[in-house]
Amino acid sequence: MANQDLASPLLPPRRQPSDPPHSVLTIRDNGASTHDQNGRSPSKQDPRKHKPKTQNQHHNNSDNHVHNNTHLERPNPFAFLGSRSFSVPAASTVDPFLNHTAKVDGVYEVVKIVLCLPIALVRLVVFGVCLSVGFVGTKLALLGWKDKENPMPRWRCRLMWVTRICARCILFSFGYQWIRRKGKPAPRETAPIVVSNHVSYIDPIFYFYELFPTMVAAESHDSIPFVGTIIRAMQVIYVNRFVPSSRKNAVNEIKRKASCDRYPRVLLFPEGTTTNGRVIISFQLGAFIPSYPIQPVIVRYPHVHFDQSWGNVSLAKLMFRMFTQFHNFMEVEYLPVLYPLEDPKETAVHFAKRAGHAIATALNVTQTSHSYGDVMLLMKASESKQEKPSSYIVEMAQVESFFHLSSMEAVDLLEKFLSMYPDSSGRVSMDGFLRGLRLRASTLSEEIFRFLDVDNYRTITFKQFLFGSAHVMKQPLFREACQLAVRECDVGGRGYISEEQLEDSLRATMMNMSKEEIHELFELFDEDGDGRVSKDDFVSCLRRNPLLIALFSHCLQHDDSLEDSDRTPDEIV
């Protein structure tokens, strides 16, 4: 497809029944390799010398995903985009966000809770008093302070010791009468940045008392009653993880504050969310881009009956369980300082991997490719009352890296998948798939479904739907195909598409669609309901539903839609 121009049909002619079937090999789509229509490499080497990789060879290559299945001898409805078959990594059996004792279970736990109820009331009072005193102390420390862009004056920092002592009393009220420490914090001038795994809301309370650092936190934390005022006194660095400019500004602030000894050290939780502490998930790069020495710190919460991690359990329930414990165990270990290498080849990604490996090794756990995006998927599945919400997490760090698909786009695709009414195991049938995309049963619809059904179960999972959709969007001709489909549908060049025009365009691929079915599909494109679809709305709908581009494959075969054959795809766009 590398030499394919827009003057020639993008879609190969359909095979006749007498034609020999094609054998489509599963390949790793890295966006750079190109193949001809028969799957051969365009290099000058003898293609017979290029043997397909075996399953074991895939396992020996660290850059390849685990392949479940291959598409063999089945039509590819997206071949006109340059697409080959795709594969889906095996589903992860690990749920990093699962609290393993979310329910009260066993006679011991019930008796303990009953006995601790009077203690819990006392602890609740202590918690409230300490939070109030700390809030007042913080207000006094901030009183009249206007210059928030510079380090807090020393006398104001001394006033914050009142709040820090209150934080230790709050830990005591939660059952942390003593906290085991191993190692010591490195001097601020040695390691201006500290990174830690993140298991519970107890972590930042401990670090506030122990280190009084400048933290990086989500913008939403500023509005939390009492807490928002306290973290403002820490000169917190706010970040909106979904806004690139906010992330860039946060990195600049990290670098600025880490480089100035008058600021406290900077603390980050590079996982970006809490986990159950049984794995380390992928690290965000904000702490590692400035290339300053970093001290990794790990927290553990050893337990037998009560998992203290903030996973699939509400804050109120977690606090109640903590108040009704005799004692909650917590261990903190300061690891050796990590220094950026002088090797120019080391990037922030490599630095983050070294830090992640150090923390995972100290915890004796593995590191996965899950991220905060998986939390978003988990929450979306839980909100829709799915029986197994964890079946919808897909290790988003891997998806983002391979397909450049954002977490918000993944959530949109999940919303579409949930509209297909998955069963209790999280799988969607052909009928549900057609309802979700507002298609009718046809040969093309079946080809699209079978394209996703890589394991031939006649049902698809969200991971297959996500990977298949992302694979289609990643094709180099997807964007150009969307633009050319608009041109073909917009007869007369009026700048919008009517329902009649859409119907005329779709008759070539979906000949037997009724007026009602056409209308339902048109409503999918017509977001504002004004009876016509603008160019931007059309392309936006195809980006949200990339599998629908197969309906317009015929548009790309017409020579009359490709009049300017000497123009490049980018010029048309």
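Side chains of R427 and T459: a donor-acceptor N/O pair is present below 3.5 angstrom, by distance only. Side chains of H100 and D307: a donor-acceptor N/O pair is absent below 3.5 angstrom, by distance only. In this structure, a donor-acceptor pair under 3.5 Å is absent between the side chains of R188 and Y263. Counted by atom type alone, H327 and Q177 present one or more donor-acceptor pairs between their side chains at under 3.5 Å. Checked by atom type, the side-chain pair Y301/S200 shows no donor-acceptor distance below 3.5 Å. The closest side-chain donor-acceptor pair between T229 and R232 falls under 3.5 angstrom. If you check the side chains of Q464 and D455, you find a donor sitting under 3.5 Å from an acceptor. Side chain to side chain, E400 and S407 meet the donor-acceptor criterion of an N or O pair below 3.5 Å. At a cut-off of 3.5 Å, with distance as the only test, a side-chain donor of T138 or T163 sits close to an acceptor on the other residue.
Taking the six-membered ring where the residue is Trp, F323 and F174 present parallel rings, their angle staying beneath 30° rather than reaching 60°. Using the six-membered ring where Trp is involved, Y392 and F462 have ring planes that are tilted, between 30° and 60° apart. Taking the six-membered ring for Trp and thresholds of 30 and 60 degrees, H305 and Y108 have ring planes inclined between 30 and 60 degrees apart.
The environment of CE in M430 is crowded: more than 12 heavy-atom neighbours from other residues, nucleotides or ligands sit within 6.0 Å. The number of heavy atoms from other shown groups lying within 6.0 Å of NZ (K416) is above 12.
Annotation: cation-pi geometry satisfied between R164 and W161 (NZ/CZ under 6.0 angstrom from ring centroid, within 45° of ring axis). Judged by a 6.0 Å distance limit and a 45° cone about the ring axis, R435 is not positioned over the six-membered ring of Y421.
Here the side chains of H370 and S92 are in contact, with some heavy-atom distance below 4.5 Å. Y372 has its side chain out of reach of Q284: every pair of non-hydrogen atoms, C-beta onward, lies at least 4.5 Å apart. Between E219 and S246 there is a side-chain heavy-atom pair separated by less than 4.5 Å.
Taking 4.0 Å as the cut-off between side-chain N and carboxylate O, R354 and E346 count as a salt-bridged pair.
The six-membered or imidazole ring of F329 lies away from that of Y176, with a centre-to-centre distance of 6.0 Å or more.
Remark: F403 CZ to F467 CZ distance equals 5.5 Å, nearest 0.5 Å.
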